[in-house]
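Scope of the values below: all heavy atoms of this structure, side chains included, with no hydrogens, waters or symmetry mates. Letters A, B, ... are given to chains in the order of the sequence lines, protein chains preceding strands, and every chain is numbered from 1.
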Amino acid sequence: MSFFITSEVKKVAIMTLSGELDSLSSREFQAEIEKVAAESPKDLVLLVENLSFMSSAGLRVLIFSKQKIGPDLSIYIVKPQPVIVETLEKTGLHHSVNIVDEYSF
Amino acid sequence: MSFFITSEVKKVAIMTLSGELDSLSSREFQAEIEKVAAESPKDLVLLVENLSFMSSAGLRVLIFSKQKIGPDLSIYIVKPQPVIVETLEKTGLHHSVNIVDEYSF
Amino acid sequence: MESKLFPGTLDSLDPIRQYVKELSQQAGLDKKATYRLTLAVDEIATNIILYGYEQAGRSGDIQVLSELSDAKLTVIFEDKAIPFDPTTKDLPDEEDFNKPLEERQIGGMGIWLTIKGVDEFKYEYVDDKNRNIFIMHVDPTKT
Amino acid sequence: MESKLFPGTLDSLDPIRQYVKELSQQAGLDKKATYRLTLAVDEIATNIILYGYEQAGRSGDIQVLSELSDAKLTVIFEDKAIPFDPTTKDLPDEEDFNKPLEERQIGGMGIWLTIKGVDEFKYEYVDDKNRNIFIMHVDPTKT
Ligand SMILES: Nc1ncnc2c1ncn2[C@@H]1O[C@H](COP(=O)(O)OP(=O)(O)O)[C@@H](O)[C@H]1O
Ligand SMILES: Nc1ncnc2c1ncn2[C@@H]1O[C@H](COP(=O)(O)OP(=O)(O)O)[C@@H](O)[C@H]1O
């Protein structure tokens, strides 16, 4: 039997969001996205377990992320509260992001 | 309530190893480590589900990785076969690497 | 009618949400309904502030009126920003929502979430004021 | 005694392992015991090839002898590389193994895994040949 090896170096942007994300605080979120965009990550992992509110301003930043970083960006939303899942589903964004309990590959 | 956000961009080297890792094939493993070391990853994730043999030559490359990339490197060994876990345990390497079923953070 | 005045700036969003959350809890709305109403008022307040006042070069307040009666919690926003009727705005449709993120229009989701989130939504223009009216049905056994 | 000759180069490691795996299976060793013996022979063969031959500027073969008797599978490596008795080599101790990776010596684990892996390990130097002897206990009901 032989040996096979493949390798890849992947850049992952990890953000922890907590509290309430409205159109005021979404500016901070957007600024962070712009900051990490400079490094062209392949995955964007949002740890949102303690995020209790997200308005459409947060959704706008998600769409902005993909447009800024590129269509190959994979977005992971880790442990969102049920009300936030509802918002993602109502706006169809759940088709474009990965809603997960844990980021892994 | 307010909003808090922190962000980090993490480089993760992901390698998939399959077959048998002995002192001949460990040279390929070492070459891959040298290749990814140039990018200074923070995590080294070894997907070894289909690796059926690993001699001490493989262990040497693990130690080499940490010495080459730096002590902050976290090594994840994902889904090793039981015989390989035994080797890691017998040599105490299980203290220095994370043996997991899935890489996540 | 209870009434409370908030300045028409983004800083008011958080206190408006907290205020409406309290009204919801007093009315006995459950967690989900409370969140939907809170989200709806946040979206409409944002639009009044950003488009109705700021973008139009105006400034002003948002008056939040509320009433609990007939098994309904009614919250009314009154503002003197430019006239805008959200119910006449073209809403995105399913097709838009199924597009990949990178092809989607940024925006257009706020009014959609408002209208889908509350039990009834109405708009009136009365006495030179926009009146955005949010209504949630209340379980009378809970108040 | 069965016997098979392998050239003393790293290319032989794979065929040596496959050969010893077959012997183990014929002897009825279970999966774990088979792996441990295979690992042990791989480690010692590597050392003979790299240190006994290559590093010493020599070349030669490894003769693999085997015998199944007295409820034991015995595998013997004979080589004409420089004399080396693995049993006299200082083995790393628990303390070494508990050190953080970056402070550990690279190496020294091969002989340890060999000695810990097989049921008995012996070394002899006979007729100008190193003889590394690996013994696994066999469950006689299985052969
Ligand atoms: N109060 C308002 N005054 C003027 N224009 C408004 C007002 N509210 C909404 N709009 C217009 O309607 C559009 C859709 O609003 P909305 O659904 O909240 O999404 P978004 O604000 O993300 O674009 C806005 O982009 C804006 O052009
Ligand atoms: N056949 C041999 N001939 C000469 N030296 C040997 C031989 N086998 C082992 N050694 C010495 O013993 C050391 C320990 O061997 P080992 O435990 O296999 O670990 P490693 O090969 O990783 O160093 C080797 O580094 C080498 O110096």
Side-chain angles (χ1 to χ4, degrees), chain A residues 1-55 57-58 61 65 69 73 76 78-79 100-105, chain B residues 1-55 57-58 61 65 69 73 76 78-79 100-105:
Chain A
M1 206 208 234
S2 34
F3 175 73
F4 299 99
I5 186 165
T6 58
S7 77
E8 168 196 6
V9 178
K10 199 172 188 164
K11 276 193 214 159
V12 184
I14 306 149
M15 293 191 185
T16 307
L17 288 75
S18 61
E20 307 196 347
L21 179 54
D22 62 14
S23 37
L24 185 61
S25 50
S26 71
R27 293 168 180 183
E28 289 172 60
F29 182 24
Q30 175 148 348
E32 289 295 322
I33 293 292
E34 280 168 358
K35 205 172 78 184
V36 305
E39 302 197 46
S40 308
K42 236 190 126 279
D43 289 354
L44 171 63
V45 180
L46 304 173
L47 307 173
V48 296
E49 191 171 3
N50 296 312
L51 189 71
S52 55
F53 179 83
M54 182 175 68
S55 74
V61 178
S65 308
I69 298 171
L73 179 75
Y76 294 82
V78 182
K79 281 204 171 54
V100 295
D101 265 348
E102 198 172 55
Y103 168 72
S104 69
F105 50 76
Chain B
M1 205 204 235
S2 32
F3 175 72
F4 298 101
I5 186 165
T6 58
S7 77
E8 170 196 6
V9 178
K10 200 170 186 164
K11 277 193 213 159
V12 184
I14 306 151
M15 293 191 184
T16 307
L17 288 75
S18 62
E20 307 196 348
L21 180 54
D22 62 16
S23 37
L24 185 61
S25 50
S26 70
R27 292 168 180 184
E28 288 171 59
F29 183 23
Q30 175 146 348
E32 289 293 324
I33 293 291
E34 280 167 357
K35 205 172 75 184
V36 305
E39 303 197 44
S40 307
K42 239 193 123 276
D43 288 355
L44 172 63
V45 180
L46 304 173
L47 307 173
V48 297
E49 189 170 2
N50 296 314
L51 189 71
S52 55
F53 178 83
M54 181 176 68
S55 75
V61 179
S65 308
I69 298 172
L73 180 74
Y76 293 83
V78 183
K79 281 204 169 63
V100 294
D101 265 349
E102 196 171 56
Y103 168 71
S104 69
F105 51 76

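Contact of Glu39(B) with chain A is made through the side chain alone, with heavy-atom distances under 4.5 Å. For a residue to count as touching a neighbouring chain, one of its non-hydrogen atoms must lie under 4.5 Å from one of that chain's; by this rule Leu24(B) does not touch chain A. Of the atoms belonging to Phe53(B), not a single heavy atom falls under 4.5 Å from chain A. There is no contact between Lys42(B) and chain A, counting heavy-atom distances below 4.5 Å. For chain A, no part of Val78(B) is nearby; none of its heavy atoms comes within less than 4.5 Å.
Here the straight-line distance linking atom CG of Leu51(B) with atom CD1 of Ile5(A) works out to 9.0 Å at 0.5 Å rounding. Here Asn50(A) contributes atom CG and Phe4(B) contributes atom CZ; the two are 11.0 Å apart, rounded to the nearest 0.5 Å. With rounding to the nearest 0.5 angstrom, the CG atom of Leu47(B) is 11.0 Å from the OG atom of Ser7(A).
Of the listed residues (Val45(A), Leu44(A), Ile14(A), Leu17(A)), the greatest number of heavy-atom pairs within a distance under 4.5 Å of chain B belongs to Ile14(A).
A pairwise comparison of heavy atoms in Glu28(B) and Phe3(A) identifies OE1-CD2, 4.0 Å as the closest pair.
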